[in-house]
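Below, each value reflects all heavy atoms present in this structure, side chains not excepted, and no hydrogens, waters or symmetry copies. The chain is numbered in sequence order, starting from 1.
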Amino acid sequence: QVELVESGGGLVQAGDSLKLSCVASGRTASNYPLGWFRQATGQEYDFVAGIDYSASTTYYADSVKGRFTISRDNAKSMVYLQLNNLKPEDTAVYYCTTLAWDGSNWRPGYWGQGTQVTVSS
């Protein structure tokens, strides 16, 4: 069992930055790839970013490449998502998840409760 708790969301203006944090607890949490999904109102969940268990490889959706940065600190059981140059279309609830590769896409496993990011124009 892995428990994930996010923090750091908020209301910002376009062009601003935010840093989301997620604490992952559970005996095997550090063994999982971790990542972030987001869901805008009325939309499906979208993969945003992922990082492998050793923090040596990162993965990003095309829509956030060059603007978002994922990192993790296994000693602190934390994963972070730095969001720069935010756009109104980034508005969504952001979820920290464990990840599993299905051969084509990253799939979420365990989920946090989500943190709202709202970007005004």
Engineer: Could you report the tightest heavy-atom contact between D102 and R107, atom names first, then the distance?
Structural biologist: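 Heavy-atom minimum between the residues: OD2-NE, 2.8 Å.
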Engineer: Among Ile, Leu, Val, Met, Phe, Trp and Tyr joined by side-chain contacts under 4.5 Å, find the other residues sharing a cluster with V79 and list them by chain and number.
Structural biologist: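 Via sub-4.5 Å side-chain contacts, V79 links to V2, L4, V12, L18, L20, Y32, L34, W36, V48, I51, Y60, V64, F68, I70, L81, L83, L86, Y94, Y110, V117, V119.
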Engineer: Check for me, please, whether V93 and L99 land in the same ILVMFWY cluster - side-chain distances under 4.5 Å, paths through other members count.
Structural biologist: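 In one cluster: yes.
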Engineer: Which one of W101, Y95, Y59, F37 satisfies the ring-ring contact (aromatic ring centres under 6.0 Å, His included) criterion with F47?
Structural biologist: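 Among W101, Y95, Y59, F37, the one meeting ring-ring contact (aromatic ring centres under 6.0 Å, His included) with F47 is F37.
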Engineer: In terms of heavy-atom contacts, does CD of E3 have more than 12 from other residues, nucleotides or ligands at under 6.0 Å?
Structural biologist: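 No, CD of E3 has 12 or fewer neighbouring heavy atoms, counting only those of other groups under 6.0 Å.
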Engineer: Does S77 offer a backbone N or O that forms a donor-acceptor pair with the side chain of N74 under 3.5 Å?
Structural biologist: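 No: the side chain of N74 does not pair with the backbone of S77.
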Engineer: What's the shortest heavy-atom distance between S63 and R38, and which atoms?
Structural biologist: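 Minimum heavy-atom separation between S63 and R38: OG-NH2, 3.6 Å.
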Engineer: State whether the side chain of E6 and the backbone N or O of Q113 hold a donor-acceptor pair below 3.5 Å, judged by distance alone.
Structural biologist: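 The answer is yes, because a donor-acceptor pair under 3.5 Å joins these two groups.
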Engineer: Compare every heavy atom of S17 with every heavy atom of Q82, then report the nearest pair and how far apart it is.
Structural biologist: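 Closest approach of Q82 to S17: NE2-CB, 3.9 Å.
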Engineer: Give a yes or no answer on whether the side chain of N85 reaches the backbone of R67 with a donor-acceptor pair at less than 3.5 Å.
Structural biologist: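 No, because the side chain of N85 does not come within donor-acceptor range (under 3.5 Å) of the backbone of R67.
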Engineer: Would you call D90-K87 a salt bridge at under 4.0 Å N-O?
Structural biologist: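 Between K87 and D90 there is no salt bridge, as every charged N stays at least 4.0 Å from the carboxylate O atoms.
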Engineer: Could you report the tightest heavy-atom contact between Q116 and A92, atom names first, then the distance?
Structural biologist: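 What the structure gives for the nearest pair is NE2-O, 3.4 Å.
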Engineer: Could you go step by step and tell me if M78 and S21 meet the side-chain contact (heavy atoms from CB on, under 4.5 Å) rule?
Structural biologist: CA-CA 7 Å; M78 297 292 295; S21 300; 3.7 Å; yes
Engineer: Quick check: closest heavy atoms across A14 and P88, and the distance to 0.1 Å?
Structural biologist: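 Scanning both residues, the minimum pair turns out to be CB-CD, 4.2 Å.
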